[in-house]
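Everything below concerns the one structure shown next.
Keep in mind that what you see is a predicted model, and the values were worked out from it rather than measured.
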Amino acid sequence: MPGDALRMSIGGEEGGNNDLGRSTAVITKTKTRTKRPNLYRVLLLNDDYTPMDFVVHVLERFFRKDRETATKIMWHVHNHGVGECGVYTYEVAETKVAQVMEFARQHQHPLQCVMEKK
């Protein structure tokens, strides 16, 4: 199988011969296991200046949310101070945070986007 390694060790000394003229062999099979990557939540933080329509637009554009879902998340952010946009691997979450922060800065909005380990 791919990822499996076979190891063989010969018993005894001098080429594997023991007192009886026989050699012994032990074969062990090692299984490799891949670990699932850590996941990170991408969160939007509420502020008093960013327009609600802009937040909805960000959710649609960068997180592929439909209008209804984006609006629900926006209201959650507005009412609770923070809302989850999605859960991603580290690299994807980091990229999304950077994209949202740059987009908000370009449009002169103080919208904050952060990530936290799930």
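Ring planes of His80 and His76: perpendicular class, angle over 60° (limits at 30 and 60°).
For Gln108, the CD atom counts as loosely surrounded, since its 6.0 Å shell holds 12 or fewer non-hydrogen atoms of other residues, nucleotides or ligands.
Between Leu39 atom CG and Thr89 atom OG1 the span is 7.5 Å, to the nearest 0.5 Å. Taking CD from Glu60 and CD from Glu68, the interatomic distance works out to 11.5 Å, rounded to the nearest 0.5 Å. Between Thr69 atom OG1 and Met74 atom CE the span is 12.5 Å, to the nearest 0.5 Å. With rounding to the nearest 0.5 angstrom, the CG atom of Leu44 is 11.0 Å from the CZ atom of Phe62. Note: Phe63 CZ to Tyr88 OH = 5.5 Å, rounded to the nearest 0.5 Å.
Under the 4.5 Å side-chain contact rule for hydrophobic residues, Val114 and Val55 do not share a cluster. Met101 is connected to Val58 through a chain of hydrophobic side-chain contacts under 4.5 Å among Ile, Leu, Val, Met, Phe, Trp and Tyr, so both are in one cluster.
Of the residues listed (Ile73, Val77, Asp66), the one engaging Leu59 in a side-chain contact (heavy atoms from CB on, under 4.5 Å) is Ile73, and it is the only one. Considering Lys118, Lys117, Glu94, Lys96 as possible partners of Tyr40, the one that fulfils the side-chain contact (heavy atoms from CB on, under 4.5 Å) test is Lys117. Here the options are Val97, Val100, Thr95, Val92, the test is side-chain contact (heavy atoms from CB on, under 4.5 Å), and the partner is Val42; only Val97 passes.
The shortest heavy-atom contact between Phe54 and Ala104 is CZ-CA, 3.9 Å. Counting all heavy atoms, side chain and backbone alike, Pro51 lies closest to His109 at CD-CE1, 3.2 Å.
Using a 4.5 Å heavy-atom threshold, the side chains of Asp47 and Leu111 count as touching. Counting heavy atoms from C-beta on, the side chains of Met52 and Trp75 come closer than 4.5 Å. Contact annotation: the side chain of Glu116 approaches that of Leu43 to within less than 4.5 Å [non-hydrogen atoms, C-beta and beyond].
Judged by distance alone, with hydrogens and angles left aside, the side-chain atoms of Lys65 form a donor-acceptor pair with the main-chain N or O of Cys85 at under 3.5 Å.
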